[in-house]
Amino acid sequence: MRFNAIIAGVGMTPFGKHLDTGLKALGAQAVQAALADAGIDAGAVQAAYVGNAAAGLVTGQECIRGQVILRSIGIGGIPVVNVENACASASTALNQACAMVSAGYYDVVLALGVEKLYHTDKRKSFSAFSGAVDVEVVSALLEALRQSASQSGAEGGGAGAGEKRSMFMDIYAAAARAHMERYGTTVEQFAAVASKNSYHGSLNPRAQFRDVLSVGDVLAAPMIAAPLTRPMCSPIGDGGAAAIVVSAQKAKQLGVRQPVRVVTSVLHSGWDHGGDEPGTVEVCSREAFEEAGIGPDDLDVIECHDASAPAELMAYESLGLCPKGESGKLIDTRATQLGGRLPVNTSGGLLRKGHPVGATGIAQIVELTEQLQGRCGARQVENAKIGLAHNGGGAIGTDAAAMCVTIVMAG
């Protein structure tokens, strides 16, 4: 669906470890920053879509998460829709907000994503990820991951998946080993992604990690799930991100000086398909490009779902930035680094900006909006006019459970 929605304001918290800050406070900070950026007060908001994935497991807050957060800053009386869609929760909330504005139901809608994953009991944090697969077959999945690791000779043999770390790192590790075997991708090329994103993150004051890592630093770090070392894996984190979505008419009334248009946001769930058939990323991106009337070569900046370093390389291929199997060669050219032909994850990505799962999708939109408005300082992409966000969540079989690709344009 081609949208006609304008982002009038964005806001987000720093991502990181906020043990002493509750879900309400994180959400409130992001909302208030977005309202201030849009130049409106809370009373102008007509509806809200609030993305969150794990508050029930980590904090115990179920059922009315959005209402609890918004009531704490005096927003009530409006429709509040709680959106839970794994790591794609926030992008799904934005998708729905843009759809409602484009359909003419509302003129001003808040889209919020917020998450608290840090807990003194890390098992609670990891349980949030273990629930993002089909739990009726989770034992079989874990055994398959262990066998895959053992058969490939991977360090650790898959022990600890789902207990000492997110099982998704083992899922990504298995995919990385398969990519290496099939295409000759190297561990150094995975490390180059983490190194690149560490440089970008060092320029982002809201990033969870801001130290710059060389490829050697990444390779020398502790192994999490072979071949993934710690910097190749996205961390758990806390944070919130928000966007004020308005109609074109309302944008004119508000005098939005640097409007960023959401021209399309394509949302699909995964399905059973062959390993060589197009998956959710290919389908969503092709549909998004068609609806926006552009192609991959027209993009200026991308925020992609680098929950692991190999995931970013595979996204290059699925988004059409390069042919299948050639993403390793693309990272070698430095084309996706700041100053390159098509910078990817200028925020630092999930690897360095952080990955509070329910906030990630809108955090990507915050970065793209500020890039298209020229507000990113040292990490600014010159003359950025068109951006793409790629955000997926959960896993069933060999594909993501949910996938969202959004295209935004300046003006």
Main-chain N/O of [Y] paired with [X] side-chain donor or acceptor, under 3.5 Å:
X: Gln364; Y: Ala389; result: no
X: Gln46; Y: Val109; result: no
X: Thr229; Y: Val218; result: yes
X: Ser202; Y: Tyr199; result: yes
X: Asn95; Y: Ser265; result: yes
X: His390; Y: His305; result: yes
X: Ser234; Y: Ala307; result: yes
X: Asp300; Y: Lys385; result: yes
X: Gln189; Y: Thr186; result: yes
X: Ser198; Y: Ser195; result: yes

Heavy-atom pair with the smallest gap, counting every atom of [X] and [Y]:
X: Ala90; Y: Gly361; answer: CB-N, 3.7 Å
X: Leu228; Y: Ala173; answer: CD1-N, 3.8 Å
X: His355; Y: Cys87; answer: NE2-SG, 3.4 Å
X: Ile6; Y: Ala248; answer: CG1-CA, 4.0 Å
X: Ile64; Y: Asn82; answer: CA-ND2, 4.0 Å
X: Thr360; Y: Gly354; answer: OG1-O, 4.4 Å

Using the side chain to side chain contact (heavy atoms under 4.5 Å, CB included) rule, pick out the option among His179, Glu326, Glu282 that qualifies with Glu317.
-> His179
Under the criterion side chain to side chain contact (heavy atoms under 4.5 Å, CB included), which of Leu388, Leu368, Val381 is the partner of Ile302?
-> Leu388
With side-chain contact (heavy atoms from CB on, under 4.5 Å) as the test, would you mind laying out the steps for Leu110 and Ile244 before giving the verdict?
-> CA-CA 5 Å; Leu110 164 68; Ile244 304 297; 3.9 Å; yes
Among Asn345, Asn197, Asn204, Asp211, find the one that has a side chain to side chain donor-acceptor pair (under 3.5 Å) with Arg352.
-> Asp211
Side-chain heavy atoms of [X] within contact of [Y], under 4.5 Å:
X: Phe3; Y: Arg261; result: no
X: Lys324; Y: Ser318; result: yes
X: Arg65; Y: Val83; result: no
X: Gln67; Y: Val50; result: no
X: Tyr106; Y: Ile78; result: no
X: His200; Y: Leu338; result: yes
X: Pro310; Y: Tyr172; result: no
X: Cys322; Y: Lys329; result: no

Any donor-acceptor pair under 3.5 Å linking the side-chain atoms of [Y] with those of [X]?
X: Gln371; Y: Thr346; result: yes
X: Asn391; Y: Glu303; result: no
X: Asp217; Y: Ser214; result: yes
X: Ser125; Y: His119; result: no
X: Glu115; Y: Asn52; result: yes

Which distance, rounded to the nearest 0.5 Å, do you find between the [atom1] of [X] and the [atom2] of [Y]?
X: Ile236; Y: Asp238; atom1: CD1; atom2: CG; result: 7.5 Å
X: Glu287; Y: Phe289; atom1: CD; atom2: CZ; result: 12.5 Å
X: Met403; Y: Thr280; atom1: CE; atom2: OG1; result: 4.0 Å
X: Leu299; Y: Ile294; atom1: CG; atom2: CD1; result: 5.0 Å
X: Leu203; Y: Arg379; atom1: CG; atom2: CZ; result: 7.5 Å
X: Gln208; Y: Leu351; atom1: CD; atom2: CG; result: 11.0 Å

Does [X], at its [atom1] atom, have more than 12 non-hydrogen atoms belonging to other residues, nucleotides or ligands within less than 6.0 Å?
X: Arg71; atom1: CZ; answer: no
X: Gln249; atom1: CD; answer: no
X: Glu181; atom1: CD; answer: no
X: Lys252; atom1: NZ; answer: no

Does the distance from a Lys or Arg side-chain N to an Asp or Glu carboxylate O, for Lys353 and Glu367, drop under 4.0 Å?
-> no
Thinking salt bridges, do Arg375 and Asp37 make one under a 4.0 Å N-O criterion?
-> yes
Residues in ring-ring contact (aromatic ring centres under 6.0 Å, His included) with Tyr105, at least two apart?
-> none
Residue pair Thr336, Ile331: steps toward the side-chain contact (heavy atoms from CB on, under 4.5 Å) verdict | CA-CA 7 Å; Thr336 58; Ile331 192 69; 3.5 Å; yes
Stepwise side-chain contact (heavy atoms from CB on, under 4.5 Å) check, Asn85 with Leu267 | CA-CA 11 Å; Asn85 212 9; Leu267 176 67; 4.3 Å; yes
Could you walk me through whether Lys196 and Val344 pass the side-chain contact (heavy atoms from CB on, under 4.5 Å) check?
-> CA-CA 9 Å; Lys196 168 185 72 73; Val344 176; 4.2 Å; yes
Please list every donor-acceptor pair under 3.5 Å in which a side-chain atom of residues 18-32 meets a protein atom from a residue at least two apart or in another chain.
residue : atom : partner : partner atom : Å
His18   : NE2  : Pro14   : O            : 3.0

